[in-house]
Amino acid sequence: MVLYVLYAKADLEGVTSLFLLPGCDICVSVRNTLTHDQTRERIVIEASEQLHQADVPDHEKHRAEHSNHFALTWEGEKTRSTIRVLSDDGSKETTTGKKGKAKKGTSVGDDIITRDVQPQDDGQFVPILKLECDGLEPYAFHPMGKEFSVVNGGGTKVNDVDLSSGEWSDYDLSSGTSLIKNFETKFE
């Protein structure tokens, strides 16, 4: 399994925090790690639901214990390629719904801790999501309109922030204008 991290950056005005809502659906484009000419555009990963692998063929028994949030089989391949969304606290869901923590002294996610985008980040990319992938590589993130939330300058949380155009604005009588512009993402 390979870890891919989604990084985001944005210019924030009147916003103290921008973050992904826990368990939200994520839209990404992926490619086959063996041949980059095989791609799937704009797949939706339901992070709140896990796929269970009840009828796993014998040649895939090594994957039977791994739950995932998305799976596909590339043309010409016999094994499934999978994505598992890792939670903010470094744990991952298992097929029984219990969380499995990293052992003491180890780190799920290569010591990368996801966090909110904040004004003091000053245009720097910030890790906001971790995906554990096997047989595929995410290369683009596509905001759909309901996966982000912000806390405005007055401390009010606003859900369902639509960043699909790369910008968002809101006006609150008590805190004034909240503005996000130049929103960008990348996978590493």
Side-chain angles (χ1 to χ4, degrees), residues 1-12 17-51 53 60 62-63 66-93 102 107-118 121-150 160-168 180-188:
M1 299 259 184
V2 178
L3 177 74
Y4 291 94
V5 179
L6 176 64
Y7 291 86
K9 72 176 181 176
D11 297 328
L12 308 178
S17 181
L18 165 67
F19 56 95
L20 275 173
L21 290 167
C24 66
D25 292 350
I26 306 295
C27 183
V28 297
S29 294
V30 297
R31 62 181 156 229
N32 187 333
T33 55
L34 299 177
T35 60
H36 284 186
D37 60 331
Q38 289 185 345
T39 62
R40 297 293 186 277
E41 298 293 324
R42 297 184 180 268
I43 61 162
V44 177
I45 302 167
E46 296 181 40
S48 61
E49 294 189 27
Q50 300 233 346
L51 303 177
Q53 300 175 4
E60 288 192 53
H62 67 282
R63 295 186 184 192
H66 298 296
S67 62
N68 59 69
H69 295 98
F70 178 82
L72 69 80
T73 303
W74 295 108
E75 184 178 330
E77 298 288 325
K78 293 181 181 177
T79 58
R80 282 188 293 260
S81 297
T82 61
I83 297 176
R84 184 171 15 182
V85 178
L86 301 180
S87 67
D88 293 348
D89 63 0
S91 64
K92 41 192 157 183
E93 296 287 332
S107 175
V108 175
D110 296 334
D111 295 331
I112 296 171
I113 299 171
T114 59
R115 65 178 182 86
D116 302 352
V117 178
Q118 299 171 344
D121 294 325
D122 196 29
Q124 298 297 313
F125 279 102
V126 173
I128 61 169
L129 178 71
K130 295 188 283 190
L131 301 175
E132 194 174 61
C133 302
D134 191 4
L136 53 79
E137 170 189 1
Y139 65 89
F141 172 77
H142 310 283
M144 297 184 298
K146 301 240 182 226
E147 60 273 280
F148 287 97
S149 186
V150 301
D160 300 334
V161 172
D162 185 355
L163 288 169
S164 57
S165 68
E167 296 183 355
W168 173 86
I180 299 172
K181 52 187 182 175
N182 302 321
F183 178 75
E184 294 179 47
T185 60
K186 68 176 182 177
F187 275 104
E188 286 185 2

If you define the side chain from C-beta out and look only at heavy atoms, does anything of Asp134 sit under 4.5 Å from Arg84?
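The answer is no, as the side chains (C-beta and beyond) never meet within the 4.5 Å cut-off.
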Counting C-beta onward and ignoring hydrogens, is there a side-chain heavy-atom pair between Leu18 and Val126 closer than 4.5 Å?
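The answer is no; the side chains never approach within 4.5 Å.
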Residues that Asp11 engages under side-chain hydrogen bond (donor to acceptor under 3.5 Å, both in side chains), provided they are two or more places apart
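For Asp11, the residues satisfying side-chain hydrogen bond (donor to acceptor under 3.5 Å, both in side chains) (neighbours in sequence not counted) are Asn182.
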Nearest 0.5 angstrom please: [X] [atom1] to [Y] [atom2], how far?
| X | Y | atom1 | atom2 | value |
| --- | --- | --- | --- | --- |
| Ser29 | His142 | OG | NE2 | 2.5 Å |
| Leu21 | Lys146 | CG | NZ | 10.5 Å |
| Lys9 | Ile128 | NZ | CD1 | 13.5 Å |
| Leu136 | Thr73 | CG | OG1 | 10.5 Å |
| Phe148 | Leu20 | CZ | CG | 4.5 Å |
| Ile180 | Glu167 | CD1 | CD | 10.5 Å |

Taking the side chain from Trp168 and the backbone from Phe183, do they hold a donor-acceptor pair closer than 3.5 Å?
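No: the side chain of Trp168 does not pair with the backbone of Phe183.
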Any Lys/Arg nitrogen of Lys186 or Glu188 sitting under 4.0 Å from an Asp/Glu carboxylate oxygen of the other?
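Looking at Glu188 together with Lys186, the answer is yes, because their closest N to O distance falls below 4.0 Å.
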Contacts of Asp116 that satisfy side chain to side chain contact (heavy atoms under 4.5 Å, CB included) - sequence neighbours left out
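Partners of Asp116 under the side chain to side chain contact (heavy atoms under 4.5 Å, CB included) test: Ser17, Phe19, Gln118.
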Does a sphere of radius 6.0 Å around CZ in Arg42 hold more than 12 heavy atoms from other residues, nucleotides or ligands, not counting ones at 6.0 Å or beyond?
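No.
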Could you verify whether a donor N or O on one side chain and an acceptor N or O on the other, from Gln50 and His69, lie under 3.5 Å apart?
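The criterion, which ignores hydrogens and geometry beyond distance, is satisfied for His69 and Gln50.
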Once salt bridge (Lys or Arg N to Asp or Glu O under 4.0 Å) is applied, what residue pairs with a partner in residues 27-38 remain, sequence neighbours excluded?
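Passing the test, one end in residues 27-38: Arg31-Glu137.
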